[in-house]
Amino acid sequence: MDKFVITGGTALRGEIPVSGSKNSALPALAAALLTSEPVILKRIPRVRDIRTMQRLLVDIGSRTEVEEETVRLHTPQIVCPEAPYELVKTMRASSLVLGPLVARCGRARVSLPGGCAIGARPINLHIFGLEQLGAHIHQAHGYIEAEAPNGLRGAVVHFDRITVTGTEDLMMAAVLAQGETVLRNAAREPEVANLAELLGKMGARIEGAGTSTIRIQGVEKLTGAEHTIIADRIEAGTFLIAGAITGGDLSITGCNPEHMSALVAKLQQAGVEVTQPDSTSLRVRGNSELRSVDMTTEEYPGFATDLQAQYMALMTQAQGIAIIVETIFENRFMHAQELARMGANIRLDGKQAIVAGPRELTGAGVIASDLRASASLVLAALVARGETVIDRVYHIDRGYEKIESKLARAGAKIRRVE
Ligand code: EPZ
């Protein structure tokens with residue numbers, strides 16, 4: 001298993017380009033199942049979760065061609081409407097094929113995702129929504145069996161809780177349903193709006209994506225399309241924090257600053273200088289007088305839970321006490337113990353983490369538990385005295401494209417040990 005070996009103490013300088021968004025690419029790839037015509041997706045990040053989704057789509061019946069960051073998918077027919085446990089257990093976003101399969105061929109067999117390091121993460125809201133659209137769903141042997149032999153029909157779906165992939169899954173189900181569907185309390189994440197843009201290019205009729213009420217008029221069939229995925233705001237945010245925590249001067253290019261306003265506001269409150277040289281880049285200049293600032297994770301446009309771990313690493317270096325509240329996932333503080341192994345002062349109390357700083361971090365052997373936790377350990381290692389060895393970096397490869405070479409480009413002393 002690969003490890004990262006990082007020697008801390010270098011202020012990062014220069015430019016780091018951002019890749020396309022993993023969480024936008026995954027539903028876009030699944031959306032290709034909705035049509036028998038080719039779909040061409042650009043700026044697809046080359047990360048492990050994308051390869052997993054591509055493997056799943058091939059098993060379902062898609063032909064895929066990959067050239068650099070462009071993926072061409074063609075699904076003349078659905079051969080096997082199934083997402084097997086072997087794949088779903090490695091990537092719960094596989095459940096994003098549920099809606100498209102039921103909509104396209106009237107049935108689907110999708111493994112339940114099971115537990116996850118950061119929380120229970122059930123898909124009951126996906127199922128509830130599909131049942132509102134008239135699908136018959138039963139569960140057996142760890143699988144969801146969904147059927148709609150006469151097709152889906154539009155309905156009003158009110159989500160009890162905001163769910164990103166739940167909104168995306170139902171949007172993809174509703175585009176081929178008879179009549180109108182209204183999704184209420186829908187997720188407003190930019191990835192949802194980017195998916196709606198793709199579906200619109202395929203001939204879908206969607207209004208209100210990006211707001212909490214989305215209206216979808218079902219159509220007979222969808223066409224092929226060509227579409228570019230948005231920048232990865234979580235990857236960009238991770239690098240912004242890398243610049244801040246090392247006291248460096250870093251420009252993050254190819255990003256969308258509008259999607260990152262909650263993070264930028266927090267960094268500025270903490271005394272970090274963040275400027276926007278142009279519409280697709282942000283410049284961060286770290287400051288030794290980092291101040292502790294409380295933060296609560298929220299659904300978009302609030303502070304992203306996928307940046308909570310990275311922000312915690314930053315607050316270990318700030319003057320004062322920062323209270324971090326995680327409201328989205330019930331078990332997303334696994335990185336705190338590993339940061340404490342490096343010398344951080346963090347006390348956990350239910351949904352809260354109380355971070356006292358600044359504390360000097362020293363290099364140590366640590367273990368990554370999930371994708372974003374591993375990113376926070378990389379950030380901590382960049383400021384730690386001495387060498388840190390991060391185990392299980394396969395977690396980070398799921399969602400970051402060549403992170404070690406991007407960071408090394410900006411001066412980081414980081415290498416991968418196979
Ligand atoms: C998406 O996951 C992202 N993944 C996650 O990013 C991200 O953390 C999350 O949204 C929140 O922003 C992708 O887009 C592929 P949710 P998703 O449904 O859709 C509960 C990363 O690091 N819930 O919005 O699975 C759920 O348990 C990943 O890139 C139900 O109870 O998250 C959670 O507590 C990690 N029932 C909350 O809602 C449901 O049916 C929000 O989850 C669905 C969700």
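When a ligand or atom number is given, it counts from 1 through the structure's own listing order. Because the structure is predicted, anything quoted here is derived from the model rather than measured. We use all heavy atoms of the structure for the numbers below, so side chains are in, but hydrogens, waters and symmetry mates are not.
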Margin query: Could you tell me, atom by atom, which parts of ligand 1 come under 4.0 Å of a heavy atom of Ile123?
Written below: 39 (C), 40 (O)
Checklist line | Under 4.0 Å to a heavy atom of Thr305 - the qualifying atoms of ligand 1, by number | finding: 8 (O), 11 (C), 12 (O)
Item checked: Pairwise side-chain contact, Thr305 with Phe329, heavy-atom cut-off 4.5 Å (strictly under) -> yes
Notebook entry, point to check: How does Thr165 reach ligand 1, by side chain, by backbone, by both or by neither, if only non-hydrogen atoms under 4.0 Å count?
Noted result: both
Notebook entry, point to check: Which of the numbered atoms in ligand 1 are below 4.0 angstrom from a heavy atom of His126?
Noted result: 40 (O)
Checklist line | atom 18 (O) of ligand 1: the protein heavy-atom neighbour that sits closest, reported with distance to 0.1 Å | finding: Thr163 OG1, 2.6 Å
Next item on the list: Distance to 0.1 Å, residue and atom name: give those for the protein heavy atom nearest to atom 15 (C) of ligand 1.
Entry: Asn23 OD1, 3.3 Å
Check: Does ligand 1 have an atom under 4.0 Å from some heavy atom of Gln308?
Finding: no
Next item on the list: Give the atoms of ligand 1, by number and element, whose distance to some non-hydrogen atom of Arg332 is under 4.0 Å.
Entry: 8 (O), 22 (O), 35 (C)
Item checked: Partner of Leu170 by side chain to side chain contact (heavy atoms under 4.5 Å, CB included), out of Thr163, Leu133, Leu125 -> Leu133
Next item on the list: Please identify which atoms of ligand 1 are closer than 4.0 Å to at least one heavy atom of Ile328.
Entry: 33 (C), 34 (O), 37 (C), 41 (C)
Next item on the list: Kindly confirm or rule out an N or O of Arg372 lying under 3.5 angstrom from an N or O of ligand 1.
Entry: yes
Checklist line | Closest protein heavy atom (residue, atom, distance) for atom 9 (C) of ligand 1 | finding: Phe329 CZ, 3.9 Å
Check: At a 4.0 Å threshold, what atoms of ligand 1 neighbour a non-hydrogen atom of Asp306?
Finding: 5 (C), 6 (O), 7 (C), 8 (O), 21 (C), 22 (O), 28 (C), 29 (O), 35 (C)
Notebook entry, point to check: Does an N or O anywhere in Glu189 fall below 3.5 Å from an N or O of ligand 1?
Noted result: no
Next item on the list: May I ask whether Pro122 places a heavy atom under 4.0 Å from ligand 1?
Entry: yes
Check: Can an N or O of Lys22 be found at a distance shorter than 3.5 Å from an N or O of ligand 1?
Finding: yes
Notebook entry, point to check: Hey, does Arg121 come in under 3.5 Å of ligand 1, counting only N/O atoms on both sides?
Noted result: yes
Next item on the list: Taking atom CZ of Arg107 as the centre, report whether more than 12 heavy atoms of other residues, nucleotides or ligands fall under 6.0 Å from it.
Entry: no
Notebook entry, point to check: Looking only at protein heavy atoms, which one is nearest to atom 36 (N) of ligand 1, and how far off is it?
Noted result: Asn124 OD1, 2.6 Å
Margin query: I'd like to know if Arg415 and Glu404 make a salt bridge, using a cut-off of under 4.0 Å between side-chain N and carboxylate O.
Written below: no
Note to self: Pairs of nitrogen or oxygen atoms closer than 3.5 Å, one from Leu125 and one from ligand 1: do any exist?
What the structure shows: yes
Next item on the list: Please say whether the positively charged group of Arg188, taken as NZ for Lys or CZ for Arg, lies over the ring of Tyr300, i.e. under 6.0 angstrom from the six-membered ring centre and within 45 degrees of the axis.
Entry: no
Next item on the list: Output the distance between atom CE (Met172) and atom CG (Leu98), rounded to the nearest 0.5 Å.
Entry: 9.5 Å
Next item on the list: Please indicate whether any nitrogen or oxygen in Val164 is less than 3.5 Å from any nitrogen or oxygen in ligand 1.
Entry: yes
Note to self: Taking Glu226 first and then Lys42, would you say they form a salt bridge - that is, a charged N and a carboxylate O separated by under 4.0 Å?
What the structure shows: yes
